Amino acid sequence: MDFNAEDASIFESALSDDSSRPKVYIETYGCQMNVNDSEVVASILIANGYAITSNINEADVILINTCSIRENAETRVFGRIDLFGQVKKSKPSVLVGVLGCMAERLKDQLLEEKKVVDLVVGPDAYRELPVLLRAAEDGQKGINVLLSREETYADISPVRLDKNGVSAFVSIMRGCNNMCSYCVVPYTRGAERSRDPHTIVREVQELVDAGYREVTLLGQNVNSYHWEEQKGLVKQKISFSDLLEMVALVDPRLRVRFSTSHPKDLTNEVLYTMAMYENICNHIHLPVQSGSTRILQLMNRKYTREDYLDRIKAIRSIIPDCSISTDIIAGFCTETEVDHDMTLSIMREVGFDFAYMFKYSERPNTKAARQLKDDVPEEVKTRRLMEIIELQGKLSEQSKKNDVGKRFEVLIEGESKKSKDEFFGRTSQNKVVVFPKENHKIGEFVFVEVTDCTPATLIGHIVEE
Ligand code: 5AD
Ligand code: SF4
């Protein structure tokens, strides 16, 4: 998943002009799924008489949607909760709620140790928020961390909080059944369930009608999406590639992305669907985690180094101009220098265009925490991570250099942070390009010739098609 657990995105306001409504401030940590969940939460609250604000000081309710994936993600959230305590001191009527993965994992600790917390609500219980908020207003602690086998919030159209009006996330499934030994997600987000494809297509159509130009279909493991429905006497099965096709057909001018793919489930069928539809972007996020088959086995990833490389070969042959990004964990239990070297070598062999790189962080109660020893010393983990980051820096730079001199269709997403005279957008391959505005607008597609690059960005100018 395009992911930065360490980065909070604080949403801008939606519907905050009605002054009679109690105001809710939502802060989001973690993956894109959490970002989308906050939009579902906003939609539920707005339908129940609340308004959303981006100003914490005018909030009547402060919600923090949290991530448990690594220890430092949780540490940061604890820091924020303490800060909310200070806000509450100056305005005691404010309600503070913890949502998401930490709510699920740490409910008791949050309620016992953090007196400021009035509400603890897990990822499958957001429909209960209005009821829990009312109870909290009456001085009761509101808690619901029940996980569900069915909840997909299928009927809820998320309120888009990010204001860009160009690209949106659409959840197609929830939970995870993979049981990677290091990962807390199956415990915090529960079992995998797919969302009714007709509600997905309807939501995508609504986005198109509202002027959106790009959707990213989200799930922990999108390739295991499946839906069955009775069509007369026959049972119809809808796979991820079927769904991808249904979404691509909503509008040929809508870009379609998806994340995250699991190497064990990425079928050629999906690759052929990507190749067939121009509007499905040529980018695959395919977390490798490690280049050593022994470590992959301990991680319970269910593929070998060779299997992963086989998938890369398939991508390269079916979609020659596809970019590939990945996630890597440094210093998993028992990892030796040889294993680490295998991670570096698979990075070189694939030539990843981009990577999210992490130090292994033991999560309580996961299979790895129960059965394996977190035995790679901290300084070794740090050094290995630095080597991985350094190598990826070179690979990312090379990937950008390869684009210099080429032309790409780019979706204009916003104004460049550095200059008011420039836009930024992304190529189909998900690389950011900065270029002079000329007479164009956000949300338009333009052709850009790349003339230069920095390690992080392509630089170019608009050209005629
Ligand atoms: N420690 C470090 N990184 C982790 N990830 C998941 N769990 C852990 C953990 N316990 C990383 C994986 C995953 C990404 C979302 O986060 O690389 O793909
Ligand atoms: Fe973090 Fe995973 Fe929860 Fe997303 S699902 S917020 S990555 S723990």
Side-chain angles (χ1 to χ4, degrees), residues 1-9 27-38 40-41 64-77 98-106 121-124 145 147 169 171 173-192 218-222 259-264 285-291 295-296 298-301 303 308 325-333 335 343 347 352 354-370 372 374 376 378 381-382 384-385 388 392:
M1 193 161 287
D2 270 11
F3 179 94
N4 193 345
E6 276 72 47
D7 263 353
S9 44
E27 202 168 287
T28 306
Y29 291 79
C31 57
Q32 292 166 332
M33 198 69 143
N34 256 18
V35 174
N36 190 238
D37 278 6
S38 290
V40 167
V41 165
I64 182 161
N65 194 359
T66 61
C67 176
S68 291
I69 200 120
R70 283 170 291 277
E71 194 181 353
N72 55 7
E74 292 192 343
T75 310
R76 258 181 104 175
V77 166
V98 179
L99 315 181
C101 293
M102 280 174 74
E104 200 61 51
R105 204 180 85 71
L106 298 171
V121 187
D124 286 345
V145 290
L147 288 173
F169 296 133
S171 291
M173 57 208 295
R174 297 181 71 81
C176 185
N177 284 352
N178 282 332
M179 302 308 262
C180 301
S181 63
Y182 50 80
C183 188
V184 80
V185 173
Y187 307 95
T188 60
R189 287 191 163 266
E192 179 187 291
L218 292 182
Q220 302 298 341
N221 177 7
V222 290
S259 192
T260 293
S261 294
H262 193 302
K264 77 177 164 59
H285 186 63
L286 198 65
V288 65
Q289 314 298 3
S290 167
I295 293 292
L296 288 169
L298 288 175
M299 289 176 163
N300 198 28
R301 291 289 287 174
Y303 55 86
Y308 186 90
S325 57
T326 200
D327 294 344
I328 298 171
I329 299 178
F332 186 65
C333 313
E335 187 188 75
T343 296
M347 289 171 70
F352 291 113
F354 185 80
Y356 295 100
M357 299 153 284
F358 313 101
K359 256 192 267 185
Y360 172 58
S361 163
E362 186 179 85
R363 306 316 290 135
N365 300 322
T366 53
K367 201 168 166 222
R370 283 183 276 116
L372 300 169
D374 182 12
V376 178
E378 186 60 26
K381 279 186 191 171
T382 306
R384 288 182 189 166
L385 179 64
I388 289 169
Q392 186 54 45

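In listed order, ligands and their atoms are each counted from 1. The structure displayed is predicted, hence computed values, not measured ones.
The minimum heavy-atom distance between Asn300 and Ser181, with the atom names listed, is CB-N, 4.1 Å. Taking all atoms of both residues into account, the shortest heavy-atom contact from Arg363 to Ser68 is NE-O, 2.9 Å.
Looking only at distances, no side-chain donor or acceptor of Asn178 sits under 3.5 Å from a matching main-chain atom of Arg301. Without hydrogens or angle criteria, Tyr308 side chain to Leu286 main chain gives a donor-acceptor distance under 3.5 Å.
The closest side-chain donor-acceptor pair between Tyr360 and Glu335, if any, does not fall under 3.5 angstrom. Between the side chains of Thr28 and Ser38, at least one donor N or O lies within less than 3.5 Å of an accepting N or O.
Checked against a 3.5 angstrom limit, the closest N/O atoms of Tyr182 and ligand 1 fall inside it. For ligand 1, the polar-atom distance check against Tyr360 finds no nitrogen or oxygen pair separated by under 3.5 Å. The shortest N or O to N or O distance between Glu362 and ligand 1 is not under 3.5 Å.
With ligand atoms numbered from 1 in the order given, ligand 2 contributes 3 (Fe), 5 (S), 6 (S), 8 (S) to contacts under 4.0 Å with heavy atoms of Cys101. If you number the atoms of ligand 1 from 1 as listed, the ones under 4.0 Å from a heavy atom of Lys359 come out as 1 (N), 2 (C). Those atoms of ligand 2 that come under 4.0 Å of a heavy atom in Cys31, given as number and element, are 4 (Fe), 5 (S), 6 (S), 7 (S). When each atom of ligand 1 is checked for a heavy atom of Gln289 under 4.0 Å away, the hits are 12 (C), 13 (C), 17 (O), 18 (O). Of all the atoms in ligand 2, the ones that sit under 4.0 Å from a non-hydrogen atom of Gln220 are 5 (S).
Taking 4.0 Å as the cut-off, Ser68 counts as a neighbour of ligand 2 on heavy-atom distance.
Note that OG of Ser290 is 5.5 Å distant from CD1 of Ile295, once rounded to the nearest 0.5 Å. Summarising the geometry, atom NZ belonging to Lys381 is positioned 3.5 Å from atom CG belonging to Asp374; distances are rounded to the nearest 0.5 Å.
Heavy atoms of Met33 found under 4.0 angstrom from ligand 2: none, in either backbone or side chain. Only the side chain of Asn34 comes within 4.0 Å of ligand 2, judged by heavy-atom distances. The parts of Cys67 lying near ligand 2 are both backbone and side chain, judged by heavy-atom distances below 4.0 Å.
Counting heavy atoms only, Asp327 comes closest to atom 18 (O) of ligand 1 of the residues Ile329, Asp374, Asp327.
Using a 30° and 60° split on the angle between ring planes, Tyr182 and Phe332 fall in the perpendicular class, above 60°.
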